[in-house]
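Notes for the one structure printed next.
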2 protein chains.
Amino acid sequence: MPRVGLDRNKIVEAAIELANNMGIEQVTIAALAKNLDVRPPSLYNHFASLTEIRMQIAKEGMQKLEDTLIRSVAGKSGEEALLTFAKQYLNFANQNPGLYEATIQPMSVPDKMVEETSKNMIDLLIQLLSSFSLEEHEALHLVRGLRSIVHGFSSLQRAGGFQMDFNVEDSLLYTIKLLCNGLKFEK
Amino acid sequence: MPRVGLDRNKIVEAAIELANNMGIEQVTIAALAKNLDVRPPSLYNHFASLTEIRMQIAKEGMQKLEDTLIRSVAGKSGEEALLTFAKQYLNFANQNPGLYEATIQPMSVPDKMVEETSKNMIDLLIQLLSSFSLEEHEALHLVRGLRSIVHGFSSLQRAGGFQMDFNVEDSLLYTIKLLCNGLKFEK
DNA sequence: TTACAAAACTAATATAATTAGTTAATATAT
DNA sequence: ATATATTAACTAATTATATTAGTTTTGTAA
């Protein structure tokens, strides 16, 4: 019964490592307890359920992704900003597969911080689009389109949906450029 | 021990209904057995594992989706065809949530029919793009872009990623139109 | 030093997938 | 029609999971 000094952070760290290496499905109470060298029930002193642990992974993933994106587009605008955004998004999903996977699981319970993070991402995209001087409803449509593109590419790639002898990032950037091209000639 | 006349089809039908109503996670041996009014082990006379049942759902989903799309774009080309394709794809995902969810689970085992169905979908899109007279590599990029868009919209919507007071189909069609606009002015 | 809150534990419960081995219904062959 | 073989469905058991209840023990603070 020696205390191992467990806390929420250590558990989530172990969970993220497990998610990245083995997939979110493999993040189980049993596997976490083994990795942390405690008995399964011990985790319940820090989290109410497995679901709560997975939600915590998702929250940290969203924040890290948002943070990465905000930094990467700082000082950029227009097409250059959108291309950077897209490239970094795909890169994040590739480098942190389990973490990204967690962020796209439907939330069982509405969460304030998650909603705020989503909102920040949308606001960021709205900003990036400002130089195109779109009507508000057009900008809202396009924000959805951009999110769908980056998420679509990331999750199709993860699911093995692309033949890998043809560069995926190139396809993503081609698509974004085409969209920007469409914007230039919109009127 | 009266025979209830179970077969692979009946099991998959029950599984699809369960998936559509409760989500793919709820497609379990136990739940299926209860719905079909047999004991759990009986299902193993028809499928080797739960994974195999879920894979069968995915296969049927992909085929039904492909079939729907091929029919819906028959006789159409260019922008009109792409808009129809996108609309029908999103509609399929909305009308058959569990079935669609199953189709996007990573396949644990490579499957010939699945690969062929994917290939058919790609070929279909290539055809739809023919009227834009793109270079081959451009067409391949764009096929990926289109798949990512429709999948991205479908799965973000399913995950509750959009505020629903703003029409999602409109956003999808706006995005596709913008892409087409970009194509027209590409050179 | 004592008291208390919290961390980790053991033991138990419930549900899941799966396997082995059995029984009985059906189809097939003589 | 009867005998045989196949196979659908079963019972019982195994393994693994999450979770809860209740206990022990540690560390900290009065």
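Lettering of chains follows the sequences in order, A, B, ..., and the numbering in each one begins at 1.
The cationic group of A:Arg144 does not satisfy the cation-pi geometry with B:Phe153, failing either the under 6.0 Å distance to the six-membered ring centre or the 45° limit from the ring axis.
In this structure, A:Leu32 atom CG and D:dT19 atom P are separated by 12 Å, rounded to whole Å. Between B:Asp7 atom CG and D:dT7 atom C1' the separation is 14 Å, expressed in whole Å. Residue A:Leu36 contributes atom CG, which lies 10 Å from atom P of C:dA8 at whole-angstrom precision. As a whole-Å value, the separation of B:Gln26 CD from C:dA16 P is 9 Å. Here the P atom of nucleotide D:dA8 and the NZ atom of B:Lys10 are 12 Å apart, to the nearest Å. Straight-line distance from the CZ atom of A:Phe47 to the C1' atom of D:dA18: 16 Å, rounded to whole Å. At whole-Å resolution of the value, CG in B:Leu43 and C1' in C:dT19 are 14 Å apart. Remark: P of C:dT15 and CZ of B:Arg39 are 14 Å apart, rounded to the nearest angstrom.
Picking from C:dA17, C:dA8, D:dT19 the nucleotide with the shortest atom distance to the side chain of B:Leu50 gives C:dA17. Between D:dT20, C:dT18, C:dA16, one nucleotide has an atom nearer to the side chain of B:Pro41 than all others, and that is C:dT18. Counting only heavy atoms from C-beta on, B:Thr28 has its side chain closest to C:dA17 among D:dA18, C:dA17, D:dA8. With C:dA25, D:dA18, C:dA11 as the candidates, the nucleotide lying closest to the side chain of B:Arg3 is C:dA25. The A:Asn45 side chain lies nearest to C:dA8 when the options are C:dA8, D:dA18, C:dT18. The listed nucleotides are C:dT10, D:dT19, D:dA8; the one nearest the side chain of A:Ser49 is D:dT19.
Residue B:His46 places none of its side-chain N or O atoms closer than 4.0 Å to OP1 or OP2 of D:dT7. For C:dC9, one of the phosphate oxygens OP1 or OP2 lies less than 4.0 angstrom from a side-chain nitrogen or oxygen of A:Ser42.
Between B:His151 and B:Tyr100, the ring planes lie tilted relative to each other; the angle falls in the 30° to 60° range. Note: A:His137 and A:His141 have perpendicular aromatic rings, judged against thresholds of 30 and 60 degrees for the angle between ring planes.
A salt bridge is defined here as a Lys NZ or Arg NE, NH1 or NH2 lying under 4.0 Å from an Asp or Glu carboxylate O, and B:Arg8 with B:Glu13 fails to meet this definition. Using a 4.0 Å cut-off between charged nitrogen and carboxylate oxygen, A:Glu79 and A:Lys177 do not count as a salt-bridge pair.
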